[in-house]
Participant: 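Sharing a structure here in structure tokens format.
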Amino acid sequence: MLYLFRAKFRKDLIIHLLVVVLVGSALSMTAGYLADNYFGKTVSGLIGDYGEFDLLITVNREVRSSALSQIRDILRVKLPGSTVEQGVTVAGKTNFFVQLDQKYRTREYFMQVDNYFVNVTGLNGVTMMAEPRVTIRGIPAGLVEKMEQDMATIDGVKFTYPAGSTGIDLMLNNAKEFNHVSAEVDKILNKYRVLEVRFPIDNGPVDAVSLGDTLAQKLKKEYNLEYAENLTTNDMGDQQYLINTMLEMKKFLLQYATVISIPIPEDSEIVVHRDDYLLMPGPGRFDLQVGEEITPMDMKLQVIEVTDEEIKALIVEGNVTDIQSNEIYSFDEDKITAFLGTGAVLSPREDLKYAADELAKILPDLDRIFTNLYGMTDEAITAIEMYSDTMVEVEDVQQALQEGQAKVEEVRAKLTEVDLTKIQDFVGSLLSVVSTAEEITSKMDWAKQELLQIDNELGQFQGQVDVVKNEFGVSETYSKQLDNAVDMAKDLQNALQNNTTEILEKISGYNPILKNIAGWKQDLEKLQQMVASGDLLSEDTGAVTEVLDKLITGSSSTMEYLGKLDDEKMNEQIHGFKESLEKVQQSDVSAIIKELEYISDTLPGLRDEEVTRTIRLIENYMSGQIIPGEQILIMVPNNLNISKTKPFVMEAVGQSTISVFNMDAGVVQPNVRGEFLRIISEVRETITALVAVVLVMLVLLLDLTGVMSVIKELRKKKNGSLIWNLINSEYVVGILFGSISLEIIFSLTNGQVPYLDNHPGFWIGLVMGLIIALLTDRINPVNKNEYMAGEALGFNLTEILREIVIPAGKPGLLLILNRRNLDFK
Amino acid sequence: MLKVSDLKKSYGSHEVLKGINLNVATGETVVIMGPSGCGKSTLIRCINRLTEPDSGKIIYKGIEIDQLKEKELLELRKNMGFVFQNFNLIHRLTVLQNVMLGLVKWGWDREQAETRALKVLEQVELRDFVHARPADLSGGQMQRVAIARALAINPDLMLLDEPTASLDPILVGEVLKVMEELTVQKDKSLLIVTHEVAFARRVANRIVLMDQGVIVEEGSPQNIFENPQSWVGRRYKEMIEYH
Ligand SMILES: Nc1ncnc2c1ncn2[C@@H]1O[C@H](COP(=O)(O)OP(=O)(O)OP(=O)(O)O)[C@@H](O)[C@H]1O
Ligand SMILES: [Mg+2]
């Protein structure tokens, strides 16, 4: 090596190195530029140039043109000076890039600018894409404000704005500040730790906020902390809110869904698992046979539960109303494989609909029934009045009859004297009372049946509504409507029950009297006949006596009963009934009917297959979701060893079933777009570096192997010490050239190699130089004869290299550069 | 004009030259002979220090060659023609350029150099081949180019290391003829290593016999070949008689 530096040839080498570096840098840079250009174009087509746009508005492709004109209008009216550009359409979504006018790049606008676009047709989302920006997420809600204040003062931060409830974005003056600002943000975040106490779902504190206050104070005292700030808030996190909603939704839908349960016979050999599909005959299908092909009309069920006794399944294709018969089959691909049994269909919403429909059918009759009842009460009152009037006469008759009993003969004679017309009148009026009572009784009996049915329907309806309400978790308005209907139904039922029961009892109480009266009536009719026909005066006294006997015993027992009747009280009661009927009639039956119709109409809004699908969707979403319980958050200095505080915290909150976590006060999120652009610049740098490496490799191979081979020869000839040999070795040439040239090219072109941070050019060049030097003899052996001829002619090293070795060597840059030194070209 | 005394050279533990003493007078032709591996090439190369000797003196025209600095040595080599067994021509250059190269490097102007080159090429009877490339020549022709190249600067001492050893026997003659012509020149000293016994007998003023790194016998061709003292000498005598 030293030879080279002593020889004039060093000039050649230096020129060569310079040319290699310049040409190498130029080529590497060109390659890098081409790569950059190619990737950069692709990327800016997708996401715009770095920092060029502020907002990304994504809309459904179908409506992109109307969305674009709406965005333009919004910009013109609300953000004049801002522009929008249409980007690419990916997966059915079209991107629009909005560049805000400089004056809108402020905290105030950035906080709310996405709201401007909420009404754009087909909007999928508005994304902030302003750069350069540092994004911080996962900050406890109670800390966001304070953090934002702290971060706004970082050097290089233009302004900050809160992003959602747990994030802060920092807009920077310059992209170069990114690392510095990120580091500062990290510093601020690292100052704090957040101690999180999590409670089990079913066993949380009543008031987490005040418990948090207490815990913070205790912690501060116990661990002598600079501060301990309670960050606990009452607001449920978005996530948790969503999860709770989903859970409710699932519960509702599960109740709403039609469940088909199939009993498993004890000796059954058919194995059914959860999630298996089963089949039921659909519309137009009956008498299904094993082995028969299934059709699209058949209903598909999916098993949700299998116990020893039964299988429960939901309808995944079809609806409860499609069910023709309840046979359940298993099937594979396209054929029915087995008959499983007959299922019981439990469809709460169908049951309710049925109840509502039935009630709605019967309620219009209520009016008619009431009118009838009302009329009857009048009749009953008239009858009772009539009865009071005739009561006196009845007594007269009875007396006469009693008297006549004693002396039948006499009576027989006397009978002719008795004023038969009077008796006839009396019996006639009595008969009309009796027949009215009969009529009332039968009418009452009918009303009784009707009312009993209405009462039953009302009760059933209320029961179904209860099922729907308690287990479905229906919407608030719908629930109110149901409540209204139930209230009215209840009132109605009460009114009917309170008043009719008693009346009906009384009416029933008439029955033996009525029987008596009916019997008495028959006897009287007979007597009247006898009187009329004159039989009474005939010889046949036996028959007359019989009739008279009967009349007398009958009348006495009738009297007995009639005596017992408290007609006044009855009168009162009937009046009371009449009044309550009036009241009942005031309740708005038609309103109830309307409610019922509404319920009936809205209930089967969803088909079973839709219900099941939704349940499945929710289940999929829920699986993998942790359902968090209540939590307490406390900000503490970072020197507190949070994991060791657990026993203390358990005691402080008075609960041992808690978990204590150590949380960051927030994290700087990788800026995805920035990352992407950074990767692209890394790709450019890597491509640049690769080209440079290849070039230097080629130069080492083609140009320097000849030189190195000569050095090797010289060294071997000199037979010097080890150190001398090392210094003067071809390895030094290779190492120096490789490392220096590649390092300079890398630093000129900004070439970078992944995973090698510290002077990659130097190290890679060094290794390449060393390897080539080791192989130099094999790659480019110097022609010793020619070399020796040069020596014998008295040529110095430079002359030998220039005139003999290099021209005979591999065609490279050195060969070209050497041409000017040749005496014989 | 050349005086070598107590010249020693070892390769590692192998002592190739074990103290050589040799004189060459001006105009003298000295032929070195000896069995293969006895150190002839090493000796002749040590003289212009193509091989570095370990010790001993080499005095040429009063200059202590063994003491010379690199630059002076290169200067000195310009005054010594060296012919290799394998011709050692520069393959990319033409015959003429091969001969001119040294001259041009030594600062001759091109025309002069060319004139001179053509002259020596004529001398070796290669006038017609001046623009040929070495690869197109026969071995004898190549060796004559090499001799012309050595001759071009008109050296006072020519060192020839087995110039015919690599040649087809039928080509040996033409080279020997050229060499013989050189020996006639009275201003030139020639130190020739060869196995050509007949040639040696005819042209040598003195023959030096070597064996295992030492000179075993030295003297006129008649003395050596008719009355050899050494084992080597006797072998050469046997060879002549055999012919
Ligand atoms: N560069 C070298 N390294 C090690 N040993 C060498 C080297 N050159 C020559 N030798 C050894 O020195 C001895 C003398 O070699 P040299 O070439 O001088 O013999 P020579 O008499 O010229 O033989 P020949 O007639 O075959 O040319 C030999 O044994 C040879 O192996
Ligand atoms: Mg030899």
Side-chain angles (χ1 to χ4, degrees), chain A residues 1-10 706 710-711 713-722 724-725 728 780-812 814-816 818-825, chain B residues 9-12 41 44-45 47-52 54 68 70-94 96-108 110 113-114 134 142 145-146 149-150 152-153 155 158-161 166:
Chain A
M1 180 65 213
L2 290 177
Y3 303 120
L4 287 175
F5 280 114
R6 268 191 263 121
K8 247 194 197 158
F9 190 71
R10 65 167 179 260
V710 169
I711 299 282
E713 279 307 310
L714 278 172
R715 176 171 66 84
K716 271 162 52 183
K717 208 174 115 183
K718 271 278 163 57
N719 211 0
S721 68
L722 182 70
W724 187 92
N725 260 318
N728 287 288
N780 201 357
V782 67
N783 184 327
K784 279 183 202 153
N785 285 341
E786 295 191 359
Y787 170 78
M788 218 146 28
E791 274 193 305
L793 285 168
F795 290 178
N796 62 29
L797 180 58
T798 306
E799 287 164 336
I800 291 173
L801 285 168
R802 283 181 183 173
E803 210 65 53
I804 297 170
V805 175
I806 294 169
K810 301 247 186 293
L814 195 56
L815 187 89
I816 297 167
N818 188 57
R819 286 185 74 86
R820 69 203 168 86
N821 296 319
L822 285 180
D823 285 322
F824 300 101
K825 314 240 173 253
Chain B
K9 173 69 182 177
S10 306
Y11 289 110
S41 294
I44 203 170
R45 279 156 183 266
I47 289 168
N48 73 347
R49 275 174 61 190
L50 284 178
T51 297
E52 288 289 342
D54 294 342
L68 289 181
E70 168 127 8
K71 214 169 173 186
E72 298 156 337
L73 176 66
L74 295 176
E75 220 34 61
L76 179 105
R77 279 178 186 162
K78 291 171 191 171
N79 208 6
M80 288 183 186
F82 199 103
V83 176
F84 299 90
Q85 180 180 341
N86 291 315
F87 335 130
N88 296 22
L89 297 179
I90 313 292
H91 278 80
R92 75 176 177 94
L93 299 178
T94 63
L96 182 63
Q97 287 169 337
N98 260 288
V99 179
M100 281 172 72
L101 183 63
L103 299 173
V104 171
K105 279 285 168 227
W106 295 324
W108 290 45
R110 275 191 178 244
E114 193 175 325
M142 278 199 275
V145 175
R149 181 174 65 183
I153 36 104
M158 296 250 310
L159 305 168
L160 296 98
D161 186 4
S166 330

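Below, read A as the first sequence line, B as the second, and so on, with proteins coming before strands; counting in each chain starts at 1. No experiment lies behind these values; they were computed from the predicted model shown.
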Participant: Flag this pair as yes if the NZ/CZ of B:Arg49 is under 6.0 angstrom from the six-membered ring centre of B:Phe82 and inside a 45 degree cone about the axis; otherwise no.
Facilitator: no
Participant: I'd like to know which of B:Thr94, B:Ile90, B:Asn79 tops the heavy-atom pair count under 4.5 Å against chain A.
Facilitator: B:Ile90
Participant: Verify, without hydrogens or angle tests, whether A:Glu799 (side chain) and A:Gly790 (backbone) share a donor-acceptor contact under 3.5 angstrom.
Facilitator: no
Participant: Tell me, side chain or backbone of A:Tyr787 under 4.5 Å from chain B's heavy atoms, or both, or neither?
Facilitator: neither
Participant: So which of B:Met100, B:Glu70, B:Arg110 has the biggest tally of heavy-atom pairs under 4.5 Å with chain A?
Facilitator: B:Arg110
Participant: Please identify, among B:Gln97, B:Lys71, B:Met80, the residue contributing the most non-hydrogen atom pairs under 4.5 Å to chain A.
Facilitator: B:Gln97
Participant: Can you tell me which of B:Lys105, B:Arg45, B:Lys78, B:His91 forms the most heavy-atom pairs within a distance under 4.5 Å of chain A?
Facilitator: B:Lys105
Participant: Any chance you could lay out the side-chain contact (heavy atoms from CB on, under 4.5 Å) test for B:Leu68 and B:Glu75, step after step, and finish with the verdict?
Facilitator: CA-CA 10 Å; B:Leu68 289 181; B:Glu75 220 34 61; over 6 Å; no
Participant: Flag the pair A:Glu803 and B:Arg92 as a salt bridge only when some basic side-chain nitrogen lies within less than 4.0 angstrom of an acidic carboxylate oxygen.
Facilitator: yes
Participant: When heavy-atom pairs shorter than 4.5 Å are enumerated against chain A, which of B:Val83, B:Leu159, B:Ile153, B:Leu101 gives the highest number?
Facilitator: B:Leu101
Participant: Relative to chain B, which segment of A:Leu797 carries a heavy atom at a distance below 4.5 Å: side chain, backbone, both, or neither?
Facilitator: neither
Participant: Mark yes or no for whether B:Trp106, through its side chain, and A:Leu793, through its backbone, hold a donor-acceptor pair below 3.5 Å.
Facilitator: yes
